[in-house]
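This is a predicted model, so every value here is computed, not measured. As a basis for the values below, the full set of heavy atoms in this structure was taken, side chains included, without hydrogen atoms, waters or symmetry mates.
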Amino acid sequence: MAPIANSREEFDEIPTVVGIFSAFGLVFTVSLFAWICCQRKSSKSNKTPPYKFVHVLKGVDIYPENLNSKKKFGADDKNEVKNKPAVPKNSLHLDLEKRDLNGNFPKTNLKAGSPSDLENVTPKLFLEGEKEPVSPDSLKSSTSLTSEEKQEKLGTLFFSLEYNFEKKAFVVNIKEACGLPAMDEQSMTSDPYIKMTILPEKKHKVKTRVLRKTLDPAFDETFTFYGIPYTQIQELALHFTILSFDRFSRDDIIGEVLIPLSGIELSDGKMLMNREIIKRNVRKSSGRGELLISLCYQSTTNTLTVVVLKARHLPKSDVSGLSDPYVKVNLYHAKKRISKKKTHVKKCTPNAVFNELFVFDIPCEGLEEISVEFLVLDSERGSRNEVIGRLVLGAAAEGTSGEHWKEICDFPRRQIAKWHMLCDG
């Protein structure tokens, strides 16, 4: 009986031991979970955010760590303003309650020596915290004004540049444009907006909103680009394109501003700048490039096979020298468009290889009243695409276009390819 009694006592002690170990295990698990959460939180707060940009509209500062929470308006706290003896940080921020229906601000008479005198038309460059303006002669854009462009006054663009070292962010504030020309001849006004591209990569594109019926638009919109190292800033350039919105056709291009960032020192604070808007560098009509097209007419099935093969020597679309071309193919019968196709976009190349085939059904016998239009366009994200060149093949076409069309009519079921020069769109 003694062995049985001992075994019972040992069996009774097992639940107690298991309970003790379970309690210690639970405490250890909770402590480990709390430690992991604290580590993740601290690492997340110290982590450099990936590349993205935050758009700030009309002086509303939005920070990436609390995008859905607080918004900080216009001027800073009074204590911060008192601590700065020179130009306040947000001296150019505008009162949102004083805007008119078009989003513009009333002009006020400026006193001599006031901080608002910083926005005079003469190009001046200022560093935050300095009383004396710095001449930007050494920082002039490589795009110089000709005598003809100086006579055509296209207005002045005001903006500021800043680099936030704490958040590794490059900040561009588009403040306003003054003295823009009227692009609408009836109302003698414009509906301006601005597109900005960071060169040379051309992949960071942003644009402001459209301000209706004004020649002096006050945008005050801030674009913050995260993940751009400060050492890389000197290699970049800013390209501003000023446009006027047109509801019924392609937007009118007012002009452009190019700002190379080499030599611009942003370590001392925000830099307020202005530049004269110049006429955009338009392509010469003699250099639109060439397009290789293959055609085949099937008389038995009454179909036309069109193959867009290649494009070469396409002109520069803008100052970056890079185009994103694609081809639109329109089929016309008796000057009426009856079908349309388009190729894929080829990124950043003046010599694109498409190799895309399209088959069109012909609604009539023969090709006498049929014509095919090819439009080579430059893909622009967020805006209307610009036409690089145009080509029309048909019975009424002249030169190599007419010869190509005559050959496919004379030799049906034969695939015939030829290079063609592009003309103005």
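- Heavy-atom neighbours of R312 CZ from other residues, nucleotides or ligands within 6.0 Å: above the threshold of 12.
- Applying the 6.0 Å contact sphere to CZ of F165 captures more than 12 heavy atoms from other residues, nucleotides or ligands.
- Put simply, the side chain of Y226 reaches to within 4.5 Å of the side chain of K167, judged on heavy atoms.
- Smallest separation of non-hydrogen atoms from V257 and I259: CG1-CD1, 3.8 Å.
- Side chains of L393 and I408 form no contact here, defined as non-hydrogen atoms less than 4.5 Å apart.
- In summary, E373 and R337 do not engage in a salt bridge, as defined by a charged side-chain N under 4.0 Å from a carboxylate O.
- A218 approaches R209 most closely through the heavy-atom pair O-NH2, 3.8 Å.
- A donor-acceptor contact shorter than 3.5 Å is absent between the side chain of S401 and the backbone of A397.
- Using a 4.5 Å heavy-atom threshold, the side chains of R413 and Q298 count as touching.
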Let me see the working for L238 and I198 under side chain to side chain contact (heavy atoms under 4.5 Å, CB included), right down to the final yes or no. CA-CA 5 Å; L238 297 180; I198 297 182; 3.9 Å; yes
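- In this structure, CG in D184 is found 7.5 Å from OG in S190, a value given to the nearest 0.5 Å.
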Decide side chain to side chain donor-acceptor pair (under 3.5 Å) for E276 and T156; before the verdict, give the C-alpha distance in whole Å, the side-chain angles of both, and the deciding distance to 0.1 Å. CA-CA 4 Å; E276 294 293 329; T156 307; 3.2 Å; yes
Test side chain to side chain donor-acceptor pair (under 3.5 Å) on T303 and T301; report intermediate values, then the result. CA-CA 6 Å; T303 58; T301 59; 2.9 Å; yes
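- Within 6.0 Å of NZ in K310 there are 12 or fewer heavy atoms belonging to other residues, nucleotides or ligands.
- The closest side-chain heavy-atom distance from L154 to K279 is below 4.5 Å.
- Rounded to the nearest 0.5 angstrom, L291 CG and M421 CE are separated by 11.5 Å.
- Counting heavy atoms from C-beta outward, I293 and L391 have side chains that approach closer than 4.5 Å.
- Shown here for L314 and R288, the closest heavy-atom pair between the two residues is CD2-O, 3.8 Å.
- T222 contributes atom OG1, which lies 3.5 Å from atom CG of N173 (distance to the nearest 0.5 angstrom).
- Here the CG atom belonging to L211 is positioned 9.0 Å from the CG atom belonging to D191, to the nearest 0.5 angstrom.
- Using a 4.5 Å cut-off on side-chain heavy atoms (C-beta onward), N164 and E162 make no contact.
- Using bins of under 30°, 30° to 60° and over 60° for the plane-to-plane angle, the ring pair H404/H420 lands in the parallel bin.
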Please evaluate residues R414 and E407 with respect to the criterion salt bridge (charged side-chain N to carboxylate O under 4.0 Å, His left out), reporting the C-alpha separation (whole Å), side-chain torsions for both, the decisive distance (0.1 Å), and the verdict. CA-CA 9 Å; R414 180 183 297 181; E407 287 185 27; over 6 Å; no
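- Nearest heavy-atom pair, G366 versus I370, reported as atom, atom and distance to 0.1 Å: O-CG1, 4.2 Å.
- The two residues V172 and M196 come nearest to each other via the heavy atoms CG1-SD, 3.6 Å.
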For side chain to side chain contact (heavy atoms under 4.5 Å, CB included), just list the numbers for F170 and Q232, CA-CA rounded to whole Å, side-chain angles, deciding distance to a tenth of an Å, and then say yes or no. CA-CA 10 Å; F170 179 51; Q232 187 183 350; over 6 Å; no
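- Here W405 contributes atom CH2 and D410 contributes atom CG; the two are 12.5 Å apart, rounded to the nearest 0.5 Å.
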Determine, step by step, whether N302 and Y297 satisfy the side chain to side chain donor-acceptor pair (under 3.5 Å) criterion, reporting the C-alpha distance in whole Å, the side-chain angles of both residues, the deciding distance to 0.1 Å, and the verdict. CA-CA 7 Å; N302 210 29; Y297 174 55; 3.0 Å; yes
Chi angles and distances behind the side chain to side chain contact (heavy atoms under 4.5 Å, CB included) call for L375, N330: CA-CA 8 Å; L375 293 175; N330 299 317; 4.1 Å; yes
Run the numbers on F240 and F159 for ring pair (Phe, Tyr, Trp, His ring centres under 6.0 Å), then give the verdict. CA-CA 10 Å; F240 300 91; F159 58 96; 5.1 Å; yes
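- Minimum interatomic distance between A182 and M188 (heavy atoms only, all atoms of both residues): CB-C, 3.4 Å.
- Between the side chain of T214 and the main chain of D216, a donor-acceptor pair closer than 3.5 Å is present.
- Looking at heavy atoms from C-beta onward, N355 lies out of side-chain contact with V307 at the 4.5 angstrom threshold.
- Of the inter-residue distances, the one linking C409 atom SG with E368 atom CD reads 7.0 Å to the nearest 0.5 angstrom.
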Any chance you could lay out the side chain to side chain donor-acceptor pair (under 3.5 Å) test for Y326 and D378, step after step, and finish with the verdict? CA-CA 7 Å; Y326 71 98; D378 180 25; over 6 Å; no
Report the C-alpha distance between F223 and I174 in whole Å, list the side-chain angles of each, state the deciding distance to 0.1 Å, and finish with yes or no for side chain to side chain contact (heavy atoms under 4.5 Å, CB included). CA-CA 8 Å; F223 300 94; I174 301 177; 3.9 Å; yes
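- A donor-acceptor contact shorter than 3.5 Å links the side chain of D251 to the backbone of D246.
- Ring pair Y230/Y163: centre-to-centre distance below 6.0 Å.
- Counting heavy atoms from C-beta on, the side chains of L161 and L266 come closer than 4.5 Å.
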